[in-house]
Amino acid sequence: MLAVLGFATLGSFMLLVMRKYLSAFTAIMLTPIAAAVIAGKGTKLGDMIMNGLDTVAPTAALLLFAVLYFGLMMECKLFEPIVQAIVRASKGDPVRIVVGTAVLSLLVALDGDGTTSYMIVCSAFLPIYRRLGMNPLILATLAAMALGTISGTTPWGGAATRGISVLHLSATEYFVHMIGPMALTSLAIIAVAYWLGLRERHKIDGEKLAAYKLEIASGEAFEPVKADWRMWFNAALTLLLMVLLIMEVADLLVLFMVAFVIALLVNIRAIGDQQELIKRQAANAVPVMILVLAAGVFTGIMTDSGMIKAMADAALAIVPEGWGNIIPLFTAILALPLGFFMSNDGYWFGVVPVLAESAAHYGIPANEIARAGAIGQILHMMGPTSAPLWVLLGLVKAELGDFQRHALRWGVLVSAAYILFAVITGAISVT
């Protein structure tokens, strides 16, 4: 009963959002609440919702200050020299621009923090997409797939870290076997970027593109940017922030709060101007925060009501007794829909241990289950419970339904390639 109700809830949410019957904010709250009432757990709704909010509250606060910080950096034109260098290198060719988007997304995803990665990629490329009239959903799709592949696989990225800790694994033993599949999947993302770039090249008006190329060649496409002492300070502060994030010197929320206060004092001295900046950036930050909190309601109800565990058990039950050796492959396939709808905490701490325990009965190491589970991170980055996704959608000014209609086909394709590469290289076994 709970499993059927859980799958119905997920399907209803997808239908409501993708057909635009409801906004993501209302659908992500109403569907699990209705399911809990049907399941007879209405009296526990308050506790389940609070548990979910407790889980995502630090993330919501982190996103608030991350958006404020990078919003200030963009207003101060910190990334403008990078944008201009990329434009010159691309020579205005949409194919080079889209491939460059993929390459930069893969590189910055090594940082492990989704919000930071999206901010950097959008700061560098979004102005170019808008200038040429290119589809910003391409940027969002490539950034999400890159983050899911790199940050979702590396032991320091957060997702895999949960699996390594809950299954008591060696990070080295887990990761070494995933380097090959991860590298091949990165190449697959670049290949998708090349294809999307070719499509954009044919869509853009030829005369407009030729005129823009002439502007780039003559230098008229850019406004001169004066690198004063504040720009150098902002660059040093941002670099220091990235180093401290990687070194995990302090909690991400603390680092972004302190960095934002310092940047605000240095760049804007008047109190009135500081307040105006916060008001401007609140237009980007507040929608992100409320959607993250709504996602906490979703995951809190789905997890505490038992629907998530029931869904995982039901899915595992369809594997015939004699096919126990393909549990890693089945885990990788199951990771796609579960990763899409579930929070990483719920998935890695609730579902993966159940799958690992089942695999152990067939002599399958827990490392293989952790590797297979990480493959679902590509679709997780496109799902409603991925907090950084709301930042990305806010930056590119896109609705969740529009993004998912564009991105999911490519995410599924690249995820399927990831599974294939993992099987071929032996990262997950099927024998």
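For reference, positions follow the sequence shown, starting with 1.
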Open item on the list: Treating Trp390 as the side-chain partner and Pro384 as the backbone partner, does any N or O pair qualify as donor plus acceptor under 3.5 Å?
Closed with: yes
TODO: Go through Leu395 and Leu139 one step at a time and tell me if the side chain to side chain contact (heavy atoms under 4.5 Å, CB included) criterion holds.
DONE: CA-CA 11 Å; Leu395 290 169; Leu139 182 154; over 6 Å; no
- [ ] List for me each residue that meets salt bridge (Lys or Arg N to Asp or Glu O under 4.0 Å) alongside Lys44, sequence neighbours excluded, and say none if there are none.
- [x] none
- [ ] Test Asp402 against Leu393 for side chain to side chain contact (heavy atoms under 4.5 Å, CB included), laying out the working first.
- [x] CA-CA 10 Å; Asp402 294 334; Leu393 295 181; over 6 Å; no
Open item on the list: Could you check whether any side-chain N or O of Thr26 sits under 3.5 Å from a backbone N or O of Leu22, counting only pairs where one atom can act as donor and the other as acceptor?
Closed with: no
Task: Contact check, side chains of Tyr118 and Met381, non-hydrogen atoms, under 4.5 Å - done: yes
Open item on the list: Could you report the tightest heavy-atom contact between Ile97 and Phe125, atom names first, then the distance?
Closed with: O-CE2, 3.5 Å
- [ ] First locate atom CG of Leu64, then atom CZ of Phe256, and finally report the distance between them rounded to the nearest 0.5 Å.
- [x] 11.5 Å
Task: CD1-CG distance between Ile268 and Leu277, expressed to the nearest 0.5 angstrom - done: 4.0 Å
TODO: Locate the shortest heavy-atom distance separating Ala144 from Met382; write the atom from each residue and the value.
DONE: CB-CG, 4.2 Å
Task: Ile271 atom CD1, neighbour heavy-atom count above 12 within 6.0 Å - done: no
TODO: Check whether any side-chain heavy atom of Val98 lies under 4.5 Å from a side-chain heavy atom of Arg201, and answer yes or no.
DONE: no
Open item on the list: For a quick check under 3.5 Å, do His177 and Thr425 share a side-chain donor-acceptor pair by atom type?
Closed with: no
TODO: Report the residues that fulfil salt bridge (Lys or Arg N to Asp or Glu O under 4.0 Å) with Asp54, sequence neighbours left out, ordered by chain and then residue number.
DONE: none
- [ ] Mark yes or no for whether Gln404, through its side chain, and Gly383, through its backbone, hold a donor-acceptor pair below 3.5 Å.
- [x] no
- [ ] Would you mind reporting whether Met145 and Leu106 have side-chain heavy atoms less than 4.5 Å apart?
- [x] no
Open item on the list: Is any side-chain heavy atom of Leu336 closer than 4.5 Å to one of Ile419?
Closed with: yes
Open item on the list: Applying side chain to side chain donor-acceptor pair (under 3.5 Å) as the test, list every pair that has at least one member in residues 252-273; sequence neighbours left out.
Closed with: Asn234-Asn267
TODO: Please examine the side chains of Val396 and Tyr129, heavy atoms only from C-beta on, and report whether any two atoms are closer than 4.5 Å.
DONE: no
Open item on the list: Walk me through whether Leu237 and Ile262 qualify under side chain to side chain contact (heavy atoms under 4.5 Å, CB included).
Closed with: CA-CA 9 Å; Leu237 179 63; Ile262 294 173; 4.3 Å; yes
Task: Separation of Leu338 CG from Leu379 CG (nearest 0.5 Å) - done: 11.0 Å
Open item on the list: Just so I know, are the side chains of Ser415 and Gln377 near enough to count as touching, which here means a heavy-atom distance under 4.5 Å?
Closed with: no
Open item on the list: For a quick test of reading the model, state the closest non-hydrogen atom pair linking Thr331 to Gly373 and the distance between them.
Closed with: CG2-N, 4.1 Å
Task: Where Leu16 and Thr31 come nearest, the two heavy atoms and their spacing - done: CD1-CG2, 3.7 Å
- [ ] Report the distance from atom CD1 of Ile138 to atom CD of Glu200, rounding to the nearest 0.5 Å.
- [x] 3.5 Å
Task: side chain to side chain contact (heavy atoms under 4.5 Å, CB included) between Leu53 and Met50, intermediate numbers included - done: CA-CA 5 Å; Leu53 291 176; Met50 288 307 300; 4.1 Å; yes
Task: Minimal non-hydrogen separation, Val266 against Arg230, with atom names - done: O-NE, 3.1 Å
TODO: Taking His380 for its side chain and Gly339 for its backbone only, find out whether a donor-acceptor pair lies under 3.5 Å.
DONE: yes
TODO: Determine whether Phe175 and Arg371 make a side-chain contact, defined as any pair of heavy atoms from C-beta on separated by less than 4.5 Å.
DONE: no
Open item on the list: Let me confirm one number: the CE-CG distance from Met73 to Leu241, rounded to the nearest 0.5 Å.
Closed with: 9.5 Å
Task: Between OG1 on residue Thr238 and OH on residue Tyr69, distance to nearest 0.5 Å - done: 3.0 Å
Open item on the list: Under a 3.5 Å distance rule, please check whether Thr185 uses its side chain to pair with a backbone N or O of Pro181 as donor and acceptor.
Closed with: yes
Task: Shortest non-hydrogen contact between Thr141 and Phe403, atoms and distance - done: N-CE1, 3.9 Å
Open item on the list: Are Thr154 and Met178 packed together at the side-chain level, in the sense that at least one heavy-atom pair is separated by less than 4.5 angstrom?
Closed with: no
